[in-house]
Amino acid sequence: CHACKQTASHNNPDVIYISRDYDSKTKKFKKNISVDQIREKLVNDVDIKPYSSKYKIYIIDEAEKMNPQAQNAMLKTIEEPPEYAVIILLTANHNAFLQTILSRCVLIQMKPVHTDSIKNLLQTKYDAVDYQSEMVASFAQGNIGKAIALTTDASFNEAKDMVVSL
């Protein structure tokens with residue numbers, strides 16, 4: 001459907017992604033999700049109703065990287081969100097959140113994806129060769145996002161080559 005295509009290409013106006021900013025000078029992601037990002041993309045935006053969907057979905061990737069100020073900034077929003085707002089905090093470490101945040105969330109634990117499934121995905125969608133996909137799938141420990149990031153990260157391949165040569 002049209003909304004699915006928009007969402008898959010990150011162009012759906014009712015699905016807002018929040019993640020660490022990329023610093024083009026250092027060519028690295030910043031250490032934390034800042035309070036300014038949370039205020040701009042979530043707190044100040046949540047009162048605007050969805051454009052074309054029933055819900056407005058906020059996805060915060062690596063939410064454990066929010067500093068305490070950012071977590072506190074979103075506290076009132078997650079405590080009393082509008083009925084159309086869905087806020088999803090993606091994390092590998094829910095213990096990094098303030099207790100006040102955890103007490104207002106529903107925790108849904110995901111199981112790791114099987115290594116063979118990750119390996120097949122990397123080979124078919126990311127053109128990874130057999131030995132590379134096997135090594136990355138093992139290293140990712142069931143995390144597809146981590147596997148994709150490692151497959152496309154040149155510095156990871158350089159580090160791997162250096163370790164192998166040693």
Side-chain angles (χ1 to χ4, degrees), residues 3-43 45 56-74 78 86-99 101-102 105-166:
C4 295
K5 290 177 185 175
Q6 281 184 315
T7 303
S9 64
H10 288 240
N11 289 318
N12 188 326
D14 295 326
V15 180
I16 293 91
Y17 298 92
I18 303 170
S19 60
R20 295 181 294 153
D21 282 337
Y22 185 75
D23 187 346
S24 58
K25 291 178 185 174
T26 62
K27 300 203 184 311
K28 293 183 179 181
F29 286 96
K30 293 188 177 177
K31 185 178 177 182
N32 292 316
I33 297 172
S34 71
V35 66
D36 293 334
Q37 286 178 274
I38 295 299
R39 284 185 181 140
E40 176 187 337
K41 295 182 178 180
L42 176 66
V43 176
D45 185 79
K56 195 167 187 182
I57 302 169
Y58 296 87
I59 301 173
I60 304 175
D61 192 20
E62 294 184 303
E64 74 275 7
K65 305 269 169 115
M66 285 188 294
N67 59 33
Q69 295 83 3
Q71 291 184 46
N72 281 319
M74 70 181 286
I78 66 169
V86 177
I87 302 166
I88 301 171
L89 307 175
L90 301 176
T91 184
N93 179 15
H94 70 276
N95 294 319
F97 293 112
L98 299 172
Q99 188 57 43
I101 297 288
L102 285 175
C105 293
V106 175
L107 180 65
I108 301 172
Q109 294 201 0
M110 309 300 275
K111 296 191 187 275
V113 178
H114 194 272
T115 304
D116 289 337
S117 299
I118 294 175
K119 185 176 153 186
N120 291 336
L121 173 82
L122 296 176
Q123 290 175 352
T124 56
K125 289 205 172 193
Y126 296 92
D127 298 324
V129 291
D130 188 46
Y131 69 89
Q132 179 191 23
S133 63
E134 176 125 16
M135 190 266 312
V136 169
S138 297
F139 194 84
Q141 298 178 327
N143 184 326
I144 290 178
K146 188 176 192 180
I148 293 168
L150 293 173
T151 300
T152 58
D153 184 5
S155 64
F156 176 75
N157 286 327
E158 291 170 9
K160 181 221 20 130
D161 291 342
M162 185 170 59
V163 168
V164 169
S165 70
L166 290 175

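Along the sequence shown, residues carry numbers from 1. Not measured: the values here are computed from a predicted model.
There is a side-chain donor-acceptor pair under 3.5 Å between Ser9 and Asn11.
Put simply, CG on Leu122 and CG on Asp130 are 11.0 Å apart, with the number rounded to the nearest 0.5 Å. With values rounded to the nearest 0.5 angstrom, Asp116 atom CG is found 8.0 Å from Glu134 atom CD. Here the CE atom belonging to Met110 is positioned 9.0 Å from the CG atom belonging to Leu90, to the nearest 0.5 angstrom. In this structure, OG on Ser133 lies 8.0 Å from CG on Asn120, to the nearest 0.5 angstrom. To the nearest 0.5 angstrom, Ile88 atom CD1 is 11.5 Å from Ile18 atom CD1. For the atom pair OH (Tyr126) and CG (Leu121), the distance works out to 6.0 Å, reported to the nearest 0.5 Å.
A donor-acceptor contact shorter than 3.5 Å is absent between the side chain of Asn32 and the backbone of Ser34.
No more than 12 heavy atoms of other residues, nucleotides or ligands shown are found within 6.0 angstrom of OH on Tyr131. Taking a 6.0 Å sphere around CZ of Phe139, one finds it holds 12 or fewer heavy atoms contributed by other residues, nucleotides or ligands. Leu166 CG: more than 12 foreign heavy atoms inside a 6.0 Å radius.
A search for side chain to side chain donor-acceptor pair (under 3.5 Å) contacts involving Ser24 returns nothing, not counting sequence neighbours.
Between Tyr17 and His10, the ring planes are parallel. Angles under 30° get that label, and only those over 60° would be called perpendicular.
Legend: side-chain hydrogen bond (donor to acceptor under 3.5 Å, both in side chains) pairs involving residues 142-153, not counting sequence neighbours, sorted by first then second residue: Asp153-Ser155.
Contact annotation: the side chain of Asn72 never approaches that of Gln69 to less than 4.5 Å [non-hydrogen atoms, C-beta and beyond].
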With a cut-off of 3.5 Å and sequence neighbours excluded, list every side-chain donor-acceptor pair involving residues 57-65.
unit_1	atom_1	unit_2	atom_2	d
Tyr58	OH	Asp45	O	3.3
Tyr58	OH	Asp45	OD2	2.6
Tyr58	OH	Val46	N	3.4
Glu62	OE1	Arg20	NE	2.9
Glu62	OE1	Arg20	NH2	3.0
Glu62	OE2	Arg20	NH2	3.4
Glu64	OE1	Thr91	OG1	2.7

